[in-house]
Amino acid sequence: MPPSTQPPSTLALRAGTRLVVATASGFLTAQAFPEHDVWWLAPVGVGLLSAAVLGTRWRLALLLGLAHGLGFFLPTLSWSGVYVGNLPWIALSTLEALYLAVMCAVTAAVQRPLLATRLRPLAHAAVPLAWVLQEWARSTTPFGGFPWARLAFSQADSPLAPLARFAGAPGLTFAVAALGVLLHLAGRELTHRVGRPRRADPAAYRPLGAALVVLALAPLGLAVATTPPTDGRAVSVLFVQGNVPKPGLDFNAERRKVLDNHVQGTLGAVSTGHPAPTLVVWPENSSDIDPLLNADAAADIQLALETVKAPILLGAVLNGPAPYISNASLFYVPGGAEPQRYVKQHPVPFAEYIPYRSFFRNFSDKVDLVTRDFTHGDQPGGFEVPVAGERPYWIIPTICFEVAYDGLMRDSTLQHGRGDSILAVQTNNATFGYTAESEQQFAISRLRAIEHGRSVVHVSTVGVSGFINPDGTYVAKTSLFTPAARYGSPVVRTEVTPSDRLGPLPEYAAGVAFVGLLALGLWLRRRTARVERAADGRTAPAHERRDRVVV
């Protein structure tokens, strides 16, 4: 029975079933991310959403995408409201879910004209392409975007992870979504009702369908066949996780205590008799007292510097340029010279600066917890680390959420990573308490290590911290809200990976392919409409055909 002739109760039941499946698919996708880490549920979630949306009209697809998005983002981003209340958490989750809603609506509009033709297999190809574009859109808009919880970032322990080396996070997302569509198609075959006559697909479907299956499986084959290289020169690095007096938004109420924790952690590590490191890395906010203006803070850092006899890379909040403040990485070397600096290029909206403050104050007075806005840096960071008797190497800093932005990581690596280099992710997770945020961020750093072919020193004020190898494995991982100081031997490397060479081309390719499918669908829709009008005209009485010609 055609949908248009089905009873309203049947249509409502089917729509309700689709809604339940879409919501469940979002919840299952959330389980792929830390701290659940069931990576294979990401393609399962995509497959279920693909099944729910296929063949629907765009309005229903919009609702299905919103249901999936809320089922996904509400649990995954629950850390965003742990200290600021439910409103910011729900608002952020809803905003992110709207991108999935629009993705599903546009995908359904592209699929419908293709489903009725011999090009039907192309309808399924729209799903992974649209997913890449959806993640690109929410990674760039609004206010610079929020690229957290992308499909790629759930795959640090997946056999697909090595694909990041070739196509970055967008390519990995495409592979996960493509695998999800294949699961959808396989499930449709397996669950087809027994005894129901099966109409064979037209022969024209088969070559195109087979080609698309091969293309969908190719990334999996490439990933499984790849072993990311881990060769390079080992250098000794010490990271210090100093801890804070208490978790929460006022973690730095005792700013001097936080700085002292990192100084004492460094002095304690040196006192163990371990050979001197080539570099010490402290996290973001390890000195929220501006050491360029405060003599006491500068003296404490100098004491640590003279004791460890190695450069120190630390996170500091600097007073200026007026009227702003700066979230910076400062690089100190023994000898008393002024530190070099990198200023965070992408401050977090509503956390480090408040856009349209007076407007958003109408919804929450929490905006005034940010008393001064942070400025935006305009240059990638990189510092040359001298090594006695050996070649120097570069340490390339990234501050907190910047690790989730493809372009920032890539630009820094390309600009300063032509020589021997490692990456540093300096972060402060104190404001998220004992939530999954720290583990989610650590998983992103693991993917970045593979993507850029670099070791990563991931260090937090409160954890999780650790040394990450270029193949995504890690050592010396710490726990939350415990002081820790760890020595490691990360390798420095010079390679420029295929992903870094390609840059944003995977997203451009997905955009071109999806626009091609959209144009093809519009052409098919118009051609079908012309054929129907022509057929209607041929079957009408002669005087009606004459009237239509006159009109």
Item to complete: Using distance alone, with no hydrogens and no angle criterion, decide if Gln441 and Thr427 have a side-chain donor and acceptor under 3.5 Å apart.
Response: yes
Discussion item. How long is the straight-line distance from CZ of Arg14 back to CG of Leu19, given to the nearest 0.5 Å?
Written reply: 16.0 Å
Discussion item. Quick check on the 6.0 Å ring-centre criterion: do Tyr353 and Phe143 meet it?
Written reply: no
Practice prompt. State which residue, out of Phe72, Trp39, Phe153, fulfils the ring-ring contact (aromatic ring centres under 6.0 Å, His included) condition with Phe33.
Written response: Phe72
Worksheet entry | N-O pairing of Glu495 and Arg454 below 4.0 Å | no
Practice prompt. From the options Phe432, Tyr405, Phe401, select the one residue that forms a ring-ring contact (aromatic ring centres under 6.0 Å, His included) with Trp148.
Written response: Phe401
Discussion item. Taking ring pair (Phe, Tyr, Trp, His ring centres under 6.0 Å) as the definition, give me every residue that meets it alongside Tyr434, ordered by chain and number, with sequence neighbours left out.
Written reply: Phe481
Response to the item:
Sorted by chain and number, sequence neighbours left out, salt bridge (charged side-chain N to carboxylate O under 4.0 Å, His left out) with Arg357 holds for Asp368, Asp373
Worksheet item: If you measure only the distance, is there a donor-acceptor pair under 3.5 Å linking the side chains of Ser445 and Tyr474?
Response: no
Worksheet entry | Any donor-acceptor N/O pair, Trp89 side chain to Leu74 backbone, under 3.5 Å | yes
Fill in: Of all pairs that satisfy salt bridge (Lys or Arg N to Asp or Glu O under 4.0 Å), the ones with a partner from residues 59-82, not counting sequence neighbours
none
Worksheet entry | Leu408 vs His346, side chain to side chain contact (heavy atoms under 4.5 Å, CB included): CA-CA, chis, key distance, verdict | CA-CA 9 Å; Leu408 289 178; His346 202 297; 3.7 Å; yes
Worksheet, complete the sentence: Correct closest heavy-atom pair for Ile396 and Thr413 would be CD1-CA, 4.1 Å
Worksheet entry | Salt bridge Asp406-Arg448, side-chain N to carboxylate O under 4.0 Å | yes
Fill in: Distance in Å, His452 NE2 paired with Asp500 CG, rounded so as to fall on 0.5 Å steps
5.5 Å
